[in-house]
Amino acid sequence: NEAFISAKKNAATHANENVNTDWLDDLWKEVKKYYQVFNEWYQDYRLYHYIGYLTSIQNSDFDITDYVSAWEGQTKTEYIERLKTAIAQKLRRKEWFGQIFEYKFDQEYNGKVVGKRAVVDILLLHNIETIIQQNYKLISETKYNLPNFSKFPFHLYKREKWQVEHIRPNAGDDFKKDGADLLYLSLARQYFTDDSILTQKIDDYIGGVAGKDDFTDILTEITQKGGPLPDEDKNRIWNYVLLDESTNKEYGNQIFPVKRAFIANKEKGVKIIYSFCNGKLVIDSKAPEVAFVPPCTKNVFSKFYTEMPSTMMNWNIDDAEAYWNDIKEKLQYYFNQIGIV
């Protein structure tokens, strides 16, 4: 305020600059209006997340002034309903969304191939609604007496270039890079010690007893451990999570427990570096590196959604269905708006 008053005085004493002080007054009122609106949005856990979500999924034509104008003259309840309706309308524009329960990505739809990146808005909304609904329960519970709430870091979502990642990889993924097959199998060997036949096959391959042609068979056997998730279902939403680009590239097509270790340690601030040297697996966990792990991604790799996990070694059909059921529960409002039961 003091800076603004000083600017007005300077403008008045420099008439030759043709500065209109009434214009400055109006401009300052506009600035204060926007500040008050943004501050109220930031302080409310629902407004913060719904506005944040809408701004995150918009294209370059997005104009925040439209949302500020809509805010005036409405109650908070009415405005929140308006925001949720706007989200539902944006989801409805996705041609395949009506088939989301069964849709398989990276396949042709109406003459076009819809890649897994198309599901990013839905996965992001699942994270947002998870946080909103958890905050509602905590704030409503008087024994906690919480004045604050947890916020989703939208700035990291934009800065870290989050990607859609398979939870369970497809057998036959690319292992052409030198030593990639040996590193993969040596990592898998650490987790399947209860299967003597499989571990013997792995040892034979690493030791050069088995031929290169045996790798695909061993890989398929590994990825089927813990219960089947049919190949045709691996490109459905129940096999996808959001992850920052850096972590996604680092662990690539590894098995579930290796991905889980990567993610857990990244959040702790430690980057695990695996290498295969002189016939042995080498693990370096000293390199510092931290990443934000979205809550639903963390829930997936901790098997949070599965009532009684049968194994922590793989992502199976029971885990996938439990995850999908949570997505349907959290996004039920939007499915109802669009007419999906």
Side-chain angles (χ1 to χ4, degrees), residues 100-105 116 119 122-123 126-127 130 133-134 164-173 183-203 205 215-243 247-248 251-268 272 274 281 283 293-332:
I100 186 63
F101 288 0
E102 299 84 20
Y103 194 74
K104 296 167 187 175
F105 294 86
K116 64 181 181 178
V119 81
I122 301 167
L123 294 178
H126 182 221
N127 278 272
T130 295
Q133 293 177 34
Q134 183 181 41
V164 177
E165 165 63 7
H166 281 92
I167 302 168
R168 184 167 186 163
N170 292 314
D173 282 327
L183 176 58
Y184 180 91
L185 291 182
S186 62
L187 280 167
R189 177 70 171 77
Q190 311 301 307
Y191 292 97
F192 298 115
T193 55
D194 60 335
D195 188 333
S196 58
I197 297 177
L198 176 58
T199 54
Q200 186 60 55
K201 290 178 182 178
I202 294 174
D203 290 341
Y205 187 88
F215 176 72
T216 301
D217 292 337
I218 299 173
L219 177 63
T220 301
E221 190 172 343
I222 289 172
T223 56
Q224 290 302 314
K225 294 288 285 185
L229 182 64
D231 285 345
E232 62 268 22
D233 287 335
K234 289 181 182 177
N235 284 325
R236 291 175 61 182
I237 192 172
W238 62 11
N239 196 38
Y240 291 138
V241 289
L242 288 180
L243 199 62
T247 305
N248 190 20
Y251 74 39
N253 296 313
Q254 288 297 343
I255 55 177
F256 183 84
V258 174
K259 292 183 178 185
R260 184 172 179 271
F262 258 109
I263 290 170
N265 283 279
K266 261 295 189 71
E267 194 169 48
K268 293 176 186 175
I272 301 179
Y274 296 111
L281 176 66
I283 303 175
V293 180
C296 295
T297 301
K298 198 185 311 182
N299 288 345
V300 159
F301 283 97
S302 64
K303 298 277 187 120
F304 175 86
Y305 299 114
T306 311
E307 189 79 22
M308 297 181 67
S310 59
T311 177
M312 294 301 289
M313 293 297 101
N314 234 323
W315 184 251
N316 60 39
I317 191 68
D318 292 337
D319 303 320
E321 287 179 346
Y323 176 40
W324 179 219
N325 285 336
D326 191 78
I327 294 175
K328 288 192 287 186
E329 179 187 332
K330 295 294 190 297
L331 304 188
Q332 191 61 57

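Proximity of Phe192 to Ile255: side-chain heavy atoms (C-beta onward) are separated by under 4.5 Å at one or more points. For the pair Ile222 and Tyr184, the minimum side-chain heavy-atom distance is below 4.5 Å. Side-chain contact between Leu281 and Leu183: present, with at least one pair of heavy atoms (C-beta onward) separated by less than 4.5 Å. Residues Ile167 and Lys234 have side chains not in contact (no heavy-atom distance under 4.5 Å, counting atoms from C-beta outward). Leu198 has its side chain within reach of Ile218: a pair of non-hydrogen atoms, C-beta onward, lies under 4.5 Å apart. Between Lys268 and Asn265 the shortest side-chain heavy-atom distance falls below 4.5 Å. Residues Phe262 and Tyr274 have side chains in contact (heavy-atom distance under 4.5 Å, counting atoms from C-beta outward). A 4.5 Å side-chain heavy-atom check between Ile100 and Trp324 finds at least one atom pair inside the cut-off.
With sequence neighbours excluded, the residues satisfying side chain to side chain contact (heavy atoms under 4.5 Å, CB included) with Asn127 are Phe152, Leu242, Pro294, Pro295, Cys296.
There is a side-chain donor-acceptor pair under 3.5 Å between Asn316 and Ser310.
Screening residues 297-306 for salt bridge (Lys or Arg N to Asp or Glu O under 4.0 Å), with sequence neighbours left out, gives Glu267-Lys298, Lys303-Asp319.
For the atom pair CD (Glu321) and OH (Tyr305), the distance works out to 16.0 Å, reported to the nearest 0.5 Å. Distance check, rounded to the nearest 0.5 Å: CD of Glu165 to CD1 of Ile263 gives 8.0 Å. Note that the OH atom of Tyr240 and the OG1 atom of Thr297 stand 14.0 Å from one another [nearest 0.5 Å]. Residue Asn239 holds its CG atom at 8.0 Å from CH2 of Trp315, rounded to the nearest 0.5 Å. With rounding to the nearest 0.5 angstrom, the CZ atom of Phe105 is 10.0 Å from the CZ atom of Arg236. Rounding to the nearest 0.5 angstrom, the gap separating the CZ atom in Arg189 from the CD1 atom in Ile202 is 6.5 Å.
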Does Gln190 form a side chain to side chain contact (heavy atoms under 4.5 Å, CB included) with Val258? I'd like the steps, not just the answer. CA-CA 10 Å; Gln190 311 301 307; Val258 174; over 6 Å; no
Can you check ring-ring contact (aromatic ring centres under 6.0 Å, His included) on Phe304 and Tyr323, steps first, answer last? CA-CA 9 Å; Phe304 175 86; Tyr323 176 40; over 10 Å; no
If you apply the rule side chain to side chain contact (heavy atoms under 4.5 Å, CB included), what do you find for Val119 with Tyr103, and how did you get there? CA-CA 10 Å; Val119 81; Tyr103 194 74; over 6 Å; no
Residue pair Asp233, Trp238: steps toward the side chain to side chain contact (heavy atoms under 4.5 Å, CB included) verdict: CA-CA 8 Å; Asp233 287 335; Trp238 62 11; 3.7 Å; yes
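More than 12 heavy atoms of other residues, nucleotides or ligands shown are found within 6.0 angstrom of OH on Tyr191.
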